[in-house]
Amino acid sequence: PTWLMAFRRHDSVRRFGRGIERRTKRVLLKTLRVFVKAPAPQDPAKLESIHKILLLRPNYRMGNTLCSTPLIDVMRKRFPTAMLDYLGADTTAVLLQNLSLDNVYVVSRSQILSPWRSVRLVYRLRRERYDLVVATGNGSFTDMICMVVLNARYRMGSGKWAEGACNIKTVNTDYCHAYDLPVEMAKLLGADCRDRPFYVVSQQEKDKAILRLSEIGFRNQQRVLPFVALFVGGHRDERWAVDSWEGLVRRLRAVGGEGG
């Protein structure tokens, strides 16, 4: 219902919900640290017999998923014969469909109402017996749970959530830009890594985009004209003010010319 959506999106309700979520996770984290023994640290330069890898980013935000894409290339080049899987979210899995992954598993918010689906997913992942599990973000409670339950020989992560769950940890990344984290992780593995996320489109998607650009006047004969697309973000409380966006547009027009 419309009234329920409006209630859920109200700023006060969202702040209250986030507060409860943070406090609950802190309590659960402290409890886990009491009962879960921290694994012995491992040298990332001496990883052996890596046949199965799982990348973790069960997050519903497009940007967070895209920020993990450089690590897909890193793992594929560093371990070319290994099976490379990814655990993401149902809302962002489409961003990964053209990348070099063997399997993409997803979590969904609807699993809260059907917890047996979560149990079934965890059982399936645990049955794979991954040799290396990597939390591609700055760590989360979900990442830690996966690390502990899947019990891989090598567990790589960063941030406070990695304490007690990972045996390969990056440097303190509390103030690290999201683009820098994959680079830092790649360094631990002795590999190079691009410092920007990327998105691979299929030929069908490319053709459709070119057609759309032609329809709105961004194609001149056989050439697509240079343009900039701005995405304001999906979370209202994390967006720039309107005048900030307008100022950015004016600066871009000044750089690219009135026709840009």
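All figures in this text were calculated on a predicted structure; none of them were measured in a lab.
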- prompt: Does any non-hydrogen side-chain atom of T91 lie less than 4.5 Å from one of V106?
  reply: no
query: Between atom CG of N103 and atom CD of E128, what is the distance when rounded to the nearest 0.5 Å?
result: 7.0 Å
field: Nearest heavy atoms of L66 and Y199, plus distance in Å
entry: CD2-CB, 4.2 Å
- request: Quick one: list whatever passes side chain to side chain donor-acceptor pair (under 3.5 Å) with N151, sequence neighbours left out.
  value: R155
field: Side-chain heavy atoms of L230 within contact of L252, under 4.5 Å
entry: yes
- prompt: Can you name the side chain to side chain donor-acceptor pair (under 3.5 Å) partners of T65, sequence neighbours left out?
  reply: T92
field: Partner set under salt bridge (charged side-chain N to carboxylate O under 4.0 Å, His left out) for R153, not counting sequence neighbours
entry: D131
message: I need the R126 CZ to C146 SG distance, nearest 0.5 Å.
response: 12.0 Å
- prompt: Going by atom types only, do S202 and N98 share a side-chain donor-acceptor pair under 3.5 Å?
  reply: no
- line: Correct closest heavy-atom pair for P58 and D143 would be CD-OD1, 3.6 Å
Row check, F198 ring normal vs R194 NZ/CZ: under 6.0 Å, within 45°: yes
message: Any heavy-atom pair between the side chains of M75 and S100 that's under 4.5 Å?
response: no
query: Heavy-atom count around E215 CD within 6.0 Å, excluding the residue itself: above 12?
result: yes
query: Would you say R117 has more than 12 foreign heavy atoms packed within less than 6.0 Å of its CZ?
result: yes
- prompt: Is L96 reachable from V200 through a run of hydrophobic residues whose side-chain heavy atoms are each under 4.5 Å from the next?
  reply: yes
- request: Any chance you could pull the hydrophobic cluster mates of Y130, using side-chain heavy atoms under 4.5 angstrom and chaining through other members?
  value: L54, L56, Y60, M83, L87, Y105, V107, L121, L125, V133, M147, L150
message: Return the CG to CG distance between L71 and L181, rounded to the nearest 0.5 Å.
response: 7.0 Å
- prompt: Is the shortest distance from a Lys or Arg side-chain nitrogen in E205 or K208 to a carboxylate oxygen in the other one below 4.0 Å?
  reply: no
statement: Closest non-hydrogen contact found for M185 with V134 is SD-CG1, 4.1 Å
- request: Tell me whether I72 is reachable from M62 by hopping between hydrophobic residues (I, L, V, M, F, W, Y) whose side-chain heavy atoms are closer than 4.5 Å.
  value: no
field: The single option from V104, L84, T69 passing side-chain contact (heavy atoms from CB on, under 4.5 Å) against L99
entry: T69
query: Atom CZ in R127, atom CZ in R129: separation rounded to 0.5 Å?
result: 11.0 Å
- line: Closest non-hydrogen atoms of A82 and I53, given as atom of the first, atom of the second and distance, are CB-CD1, 4.0 Å
task: Could you tell me whether the side chain of D192 reaches within less than 4.5 Å of the side chain of V183, counting heavy atoms only?
output: no
query: Is a side-chain N or O of S244 found less than 3.5 angstrom from the main chain of W240, in a donor-acceptor match?
result: no
message: Minimum heavy-atom separation for P70 and P182, please, with both atom names.
response: CB-CB, 4.1 Å
- prompt: Are side-chain heavy atoms of F227 and V224 found at a separation under 4.5 Å?
  reply: yes
- request: Using a strict 4.0 Å threshold on nitrogen-to-oxygen distance, state whether D85 and K52 make a salt bridge.
  value: no
task: State which residues pass side chain to side chain donor-acceptor pair (under 3.5 Å) with E246; sequence neighbours excluded, sorted by chain then number.
output: none
- request: Evaluate side chain to side chain contact (heavy atoms under 4.5 Å, CB included) for Y179 paired with D195, printing each intermediate quantity in order.
  value: CA-CA 6 Å; Y179 287 1; D195 60 357; 5.6 Å; no
- prompt: Could you give the distance from CG (L132) to OG (S49), rounded to the nearest 0.5 Å?
  reply: 12.5 Å
- prompt: Is the backbone N or O of S110 less than 3.5 Å from a side-chain atom of S108, with the two atoms forming a donor-acceptor pair by type?
  reply: yes
message: Are R57 and N64 packed together at the side-chain level, in the sense that at least one heavy-atom pair is separated by less than 4.5 angstrom?
response: yes
message: Taking L189's backbone N and O only, do any of them form a donor-acceptor pair with R78's side chain (distance below 3.5 Å, no angle check)?
response: yes
field: Heavy-atom check, side chain of S158 versus side chain of K169, under 4.5 Å
entry: no
- request: Please examine the side chains of S68 and N59, heavy atoms only from C-beta on, and report whether any two atoms are closer than 4.5 Å.
  value: no
- request: Given side chain to side chain contact (heavy atoms under 4.5 Å, CB included), test R223 with F218 step by step and report yes or no.
  value: CA-CA 9 Å; R223 187 173 69 91; F218 278 88; over 6 Å; no
Straight-line distance of N138 CG to C67 SG, nearest 0.5 Å: 11.5 Å
query: With T142, which residues qualify under side chain to side chain donor-acceptor pair (under 3.5 Å), at least two apart?
result: none
